[in-house]
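One structure is given below, encoded as structure tokens.
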Amino acid sequence: MSKLIKSLGVALLLAACARPAGSPPQQSFRTDGALMYSSAVLETAKLSGHWVQVATYAAVAAAGCAPGTVDFSDQARQVAWTLCLSGRETNGAGSFVPGKAGRYSVEGMADWWVLWADADYRTLVIGTPSGKFGFVLNRTAGLPPDRLKAVRDILTFNSYKPADLVVF
């Protein structure tokens, strides 16, 4: 019996050490292992300028932060952001390096995959294969119903969980 209790104690200790104290549990807003597609026809130069965050993925209980902004500088390949990601405000700035079509390395962040941009580059849907975050940017604070429907369809197609999308 004492061996069983010791084994359980060791198992509990290992489970408690699995992540640092105070760090949020890792969560994914996508179906694990599902395919994800980035925009193959995206023109990086058209991303340049100021964008407003109009939606994000967050557990409903953690959806308390305000919408953010992103500023892309095409000439310098730089990006600066204040975003609500997974229910927490995230700030940063760094290099924004294009990779394969619609996929970008972002200094200090997981790669950003542009899943969709409307034809006039007014709305962007950005996600990451891990599903740790996903967000929607628009040139203005409001998102018309037709583009919101397109955003939801694109996210669902890329295996994001519709119930966790928070629209500001």
Side-chain angles (χ1 to χ4, degrees), residues 18-39 42 44 46-74 76-100 102-118 121-143 147-168:
R19 63 181 173 88
S23 68
Q26 295 297 315
Q27 110 179 31
S28 178
F29 296 105
R30 292 186 66 238
T31 303
D32 290 337
L35 295 176
M36 187 167 143
Y37 300 91
S38 58
S39 177
L42 192 72
T44 301
K46 291 186 177 182
L47 301 180
S48 188
H50 183 75
W51 295 82
V52 178
Q53 184 180 22
V54 293
T56 191
Y57 270 87
V60 175
C65 54
T69 60
V70 173
D71 290 288
F72 294 102
S73 170
D74 184 50
R77 298 271 196 237
Q78 295 289 307
V79 63
W81 65 88
T82 298
L83 292 167
C84 180
L85 298 178
S86 303
R88 294 175 185 228
E89 185 175 296
T90 304
N91 300 293
S95 61
F96 182 72
V97 181
K100 292 181 180 180
R103 301 173 189 183
Y104 298 86
S105 295
V106 178
E107 187 176 346
M109 293 278 288
D111 288 355
W112 291 7
W113 286 28
V114 178
L115 307 180
W116 180 73
D118 72 306
Y121 286 79
R122 297 167 296 176
T123 304
L124 294 177
V125 177
I126 297 176
T128 189
S130 70
K132 285 179 64 176
F133 62 82
F135 58 96
V136 181
L137 300 175
N138 201 56
R139 293 289 185 176
T140 61
L143 189 61
R147 278 190 269 144
L148 178 57
K149 180 181 181 333
V151 162
R152 290 183 189 278
D153 290 347
I154 291 294
L155 288 164
T156 301
F157 178 79
N158 281 285
S159 299
Y160 271 86
K161 299 170 185 171
D164 292 328
L165 182 66
V166 176
V167 179
F168 297 112

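If you're wondering where the values come from, they're calculated on a predicted model, not measured in any experiment.
- Side chains of Phe168 and Val52 form no contact here, defined as non-hydrogen atoms less than 4.5 Å apart.
- By the salt bridge (charged side-chain N to carboxylate O under 4.0 Å, His left out) test, Arg139 pairs with no residue at all, sequence neighbours left out.
- With sequence neighbours left out, the side-chain hydrogen bond (donor to acceptor under 3.5 Å, both in side chains) criterion links Glu107 to Ser95.
- Remark: the backbone N or O of Ser28 is paired with a side-chain donor or acceptor of Lys161 at under 3.5 angstrom.
- Side chain of Asn158 to main chain of Tyr37: a donor-acceptor pair is present (N/O by atom type, distance under 3.5 Å, no hydrogens or angles).
- For Asp118, the salt bridge (charged side-chain N to carboxylate O under 4.0 Å, His left out) criterion is met by Arg122, not counting sequence neighbours.
- For Thr44, the side-chain hydrogen bond (donor to acceptor under 3.5 Å, both in side chains) partners at least two apart in sequence or on another chain are Tyr104.
- Without hydrogens or angle criteria, Thr56 side chain to Cys84 main chain gives a donor-acceptor distance under 3.5 Å.
- Across all their heavy atoms, Ser86 and Phe133 have their closest contact at OG-CB, 4.2 Å.
- Considering only residues two or more places apart in sequence or on other chains, Lys46 meets the salt bridge (charged side-chain N to carboxylate O under 4.0 Å, His left out) condition with Glu43.
- Looking at residues two or more places apart in sequence or on another chain, you find a side-chain hydrogen bond (donor to acceptor under 3.5 Å, both in side chains) between Thr82 and Asn91.
- No donor-acceptor distance shorter than 3.5 angstrom exists from the side chain of Arg30 to the backbone of Leu155, with no hydrogens or angles considered.
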With ring pair (Phe, Tyr, Trp, His ring centres under 6.0 Å) as the test, would you mind laying out the steps for Phe135 and Trp112 before giving the verdict? CA-CA 10 Å; Phe135 58 96; Trp112 291 7; 5.2 Å; yes
